[in-house]
Amino acid sequence: MSEGLNKAQQEAVSHHAGPLVVIAGPGSGKTRVMTQRIADMVHSGIAPGSILAITFTNKAAEEMLRRTMQLLSIPELDSFHGNGFFGSAALGLEEDRPVLRTFHSFCARLLRRHAHRLEPYTSQFSIYDSVDQKQLVTEVMKQLQLDRTAFPPRASMSTISQWKNQMVSPEIAIDQAATFRDRELGKLYGRYQELLEERDAADFDDLLLLVVRLLTEHPDVLERLQERFQYVMIDEFQDTNRPQYLIAKLLSQSHSNICVTGDPDQSIYSWRGASPDNFNRFREDFPQHQVVTLEQNYRSTPQILEVASRLAGSEFGHRELFTENADGNAVRVQQLHDERTESRRVCDHVESWLSEGVSSDQIAVLYRVNSLSRAIEEEFVRRRLQYAVVGGMSFYERKEIKDILGYLRAARSSRDDVALQRIFNTPARGIGKVSLERFQDAAISNGRTMGEHLRRSDCTEGIKGKAKKGIDHLREVLEKLEDRLSGGLADLVEQAIEASGYISHLERSEPENWQEREQNLQELVAAAAETEEILDLARQQPLQRHEDNEDDFDPLTIFLERIALVADADSQEELKEKVSLMTLHAAKGLEFEKVIIIGVEETLIPHSRHGEVEGIDEEKRLLYVGVTRAMEELVLTHSSWRRRFQEREPRLPSSFLSELEGTSIEFDRSPSRSGHTSPTVWDEESAHDSEEDDGLHPGAWVQHELLGRGRVNTVQGYGSSRRITVRFENGEERQLVVAYAPLTPISPPDEEWEAC
DNA sequence: CCTACTTGTTTTTTT
DNA sequence: AACAAGTAGG
């Protein structure tokens, strides 16, 4: 069963009871150990359903479940696994299998079951994502008359979040405020929290905090959970924050069967309240613990590890990384002119790897900030290379999606005013600012939420004409939806789109790309249909139900919860045959044969706005995490110029790179063909040169596989949504999506030319 | 009193 | 670019 494990791995796998700390360096086979350990426990007679494993991301949870199931030879629950909206663990039918969840999804499910014991909350509570959160903060700021420029909503949100992660209540925050500013923020925090409760809503931080409250205030609930989950595992322990640690500790207090795994050197979430100090806390709280350290690296070549050790060696951890892997190519550092040349270089690498037979999904491009993906995407599209952006702006954060979901939420809960306000006059129905304010005031003076107020017949008192009509119409739409809440989910979503008149609203407000947005709404319907199907399937499963697991929530609740918490779960299928593009943070826990890290520059990889607390060390660990993702080959790039907003800025190589001098790294500082080394001698010629040369600009000629030759009229957008209009020789004019159209640029006469 | 248009701001990382 | 706030026009 556990053949092929080294001594330390063996030790971790066969340790079942009592507290255990596994310190696992990058590539040391941690996931393998975790899954083997679960399998080993089950084989020794421990009930699978009594094992709870908490991971950091949904992707990790899914992967771990998949591998565990394989080891246990339990068949996959459903055939839908491939398209990813659901992993099999999603539905709480796991009585006969281990429970594998993220902290947040585990907590959400727990709260659904017990919310009625937490004062104003109900099991219908809404989960507010960052978009909802921002809306609420902005609303409160208006109430408190705080100036947006002095208190940027985003910054306020992050302050509030930090307080929550430190478990500082509004009262204490106000109490400890040293400045006027802090006091105002404390008030903001307090009011924000009041409104959340009033709205039966929890933000991401609340999911954790409410569970802490639940477990401490209701010992009976805690006791039942401790009985149910006799074995607890926490992955990526260095990235747990205070509430998460408390939850883990509470759950395992009675039996002490808790295993935590992680690596302090890979701690990259301190800005979110996470602290590797939890390892020390753990050691104190569970004094009988054993420690296993996994040091041997099975992932990377010695060349890559040499770079990693350099980064790790100086400031943080002191553990040695070693490998018995064979030598590989030298790690390369390459300086380029600007993001265009950088993108081209990246694609050159990718193309040459592909031609060597490397599969696309074994290649990753990593960057510090999401905005860097843009230039890379453009070049990938130009060269028709398949790629997938992991993370970034999620599908469910798009405006049109949030709007339709707003209808569903407002219909489902009369307390979810953030949702209601979002759709109050979208599509425009004649309710302006003034009428909205009147309506709000009326609701407040009656001690109701807007949703509750709307559901009363006297709600339009004092409002007349178009606005009154609009409000009446909105109520009718919501009533129609309410009637269908218990029906089919896909049908409900379709009704929301239909009854709100959203499509014609799109056509009016966005003549440019309404079709694309409508397409997105179609996908939302499809996702709803899929959810419905899986729920039906799940309910037919003849599982004996655990008494604690009556997860018979309505499909809509489950749908919305999945959307809020699992939106990032890209399925294996979607990533297949594609090069991955993602942030360094998102790359944690993953591995690829070939890795390119772009933008290794001052102000980016030590980011200019790094947190004060952990500061530059955390930035270095972040690079360390990126570097250690690579198995065979690693390329770091930085460019001399980078475009930000409208301007071009000169860039310096990251100071971390200078620490790598003297290793076997191959430095390539002769930038692109034109031979300009320093930003200062960079000139017009190369500026022009880097602007346009994919042959897709107005006036250029293209060859279409089916439609023949034509001339480009207009170009809009970028990346995968880049579209052009082309007038073909037969006189027809067509709009085409560059990413999908079989187009080749040609020169006006007839001779073909290829992009680099 | 509402809508459509113009202007200024915005990007660190995520559940 | 995408989004909020501010302004002119209906």
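Chain letters run A, B, ... following the sequence lines, proteins first, then strands; residues in each count from 1. Bear in mind that the values here come from a model prediction, so they are computed numbers and not experimental data.
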- [ ] Take atom CZ of A:Arg154 as the centre, draw a 6.0 Å sphere, and report whether it contains more than 12 heavy atoms from other residues, nucleotides or ligands.
- [x] no

Open item on the list: So that I can tick it off, tell me whether A:Glu342 and A:Arg651 are bridged by a salt bridge, with the cut-off set at under 4.0 angstrom between side-chain N and carboxylate O.
Closed with: no

TODO: Could you tell me the separation between the NZ atom of A:Lys620 and the P atom of B:dT12, rounded to a whole number of Å?
DONE: 23 Å

Open item on the list: Quick check: on DNA chain B, is the nucleotide nearest A:Ala586 upstream (toward 5') of the one nearest A:Arg438, or the reverse? Name the residue that is more 5'.
Closed with: A:Arg438

Task: Salt-bridge contact A:Lys468-A:Asp472 (side-chain N to carboxylate O under 4.0 Å) - done: yes

- [ ] Can you label the angle between the A:Phe56 ring and the A:Tyr269 ring as parallel, tilted or perpendicular, going by 30° and 60°?
- [x] tilted

Task: Any A:Thr583 side-chain nitrogen or oxygen under 4.0 Å from OP1 or OP2 of B:dT14 - done: yes

Open item on the list: Output the rounded distance in Å from NZ (A:Lys399) to P (C:dA1).
Closed with: 16 Å

Open item on the list: Under 3.5 Å, is there a donor on one side chain and an acceptor on the other for A:Thr240 and A:Asn278?
Closed with: yes

Task: Separation of B:dT14 P from A:Met157 CE (nearest whole Å) - done: 14 Å

Open item on the list: Rounding to an integer number of Å, can you tell me how far A:Met582 CE sits from B:dT15 P?
Closed with: 12 Å

Task: Closest listed nucleotide, where the reference is the side chain of A:Arg368 and the choices are B:dT11, B:dT12, B:dC2 - done: B:dT12

Task: Interatomic distance, A:Leu208 CG vs B:dT14 P [rounded to whole Å] - done: 17 Å

Open item on the list: One pair to check against side chain to side chain contact (heavy atoms under 4.5 Å, CB included): A:Asp203 and A:Tyr192. What are the steps and the verdict?
Closed with: CA-CA 11 Å; A:Asp203 65 19; A:Tyr192 168 80; 2.8 Å; yes

Task: Between C:dC3 (C1') and A:Lys402 (NZ): distance, integer Å - done: 15 Å

Task: Pair A:Lys588 + A:Asp239: basic N to acidic O under 4.0 Å - done: yes

TODO: Tell me which of A:Gly430 and A:Phe103 sits closer to the 5' end of DNA chain B, going by the nucleotide each one is nearest to.
DONE: A:Gly430

- [ ] In whole angstrom, give the distance that lies between atom CH2 of A:Trp271 and atom P of B:dT14.
- [x] 6 Å

Open item on the list: Whether A:Ser435 contacts B:dC2 is assessed here as follows: a side-chain N or O lying under 4.0 Å from the phosphate OP1 or OP2. Is that the case?
Closed with: yes

Open item on the list: Check this one for me: any side-chain N or O of A:Asn370 less than 4.0 Å away from OP1 or OP2 of B:dT12?
Closed with: no

Open item on the list: Looking only at the side chain of A:Asn425 (C-beta and beyond, no hydrogens), which of the listed nucleotides B:dT3, B:dC2, B:dT15 gets closest?
Closed with: B:dT3

Task: Short side-chain N/O contact to B:dT14 OP1/OP2 from A:Asn58, under 4.0 Å - done: no

Task: Residues A:Lys142, A:Glu139: salt bridge by 4.0 Å N-O rule - done: no

Task: Where protein sits on nucleotides 4-10 of chain C, one letter per nucleotide: B base, S sugar-phosphate only, - none, heavy atoms under 4.0 Å - done: SS-----

TODO: Measure up the A:His104 and A:Phe204 rings against each other and bin them: parallel (under 30°), tilted (30 to 60°), perpendicular (over 60°).
DONE: perpendicular

TODO: Test for a donor-acceptor pair under 3.5 Å between the base of B:dT12 and the side chain of A:Arg609, counting only N and O atoms.
DONE: no

Open item on the list: By the definition side-chain contact (heavy atoms from CB on, under 4.5 Å), identify the one residue from A:Gln421, A:Arg199, A:Arg409 that meets it with A:Asp416.
Closed with: A:Arg409

Open item on the list: Starting the side chain at C-beta, find the nucleotide from B:dT14, B:dT12, B:dC2 nearest to A:Tyr269.
Closed with: B:dT14

Atom pairs, N/O to N/O, protein against nucleotides 4-6 of chain B, distance under 3.5 Å?
none

- [ ] Calculate the interatomic distance between A:Asp403 atom CG and C:dC3 atom P; express it in whole Å.
- [x] 10 Å

Task: Side-chain donor/acceptor contact of A:His607 with base of B:dT12 under 3.5 Å - done: no

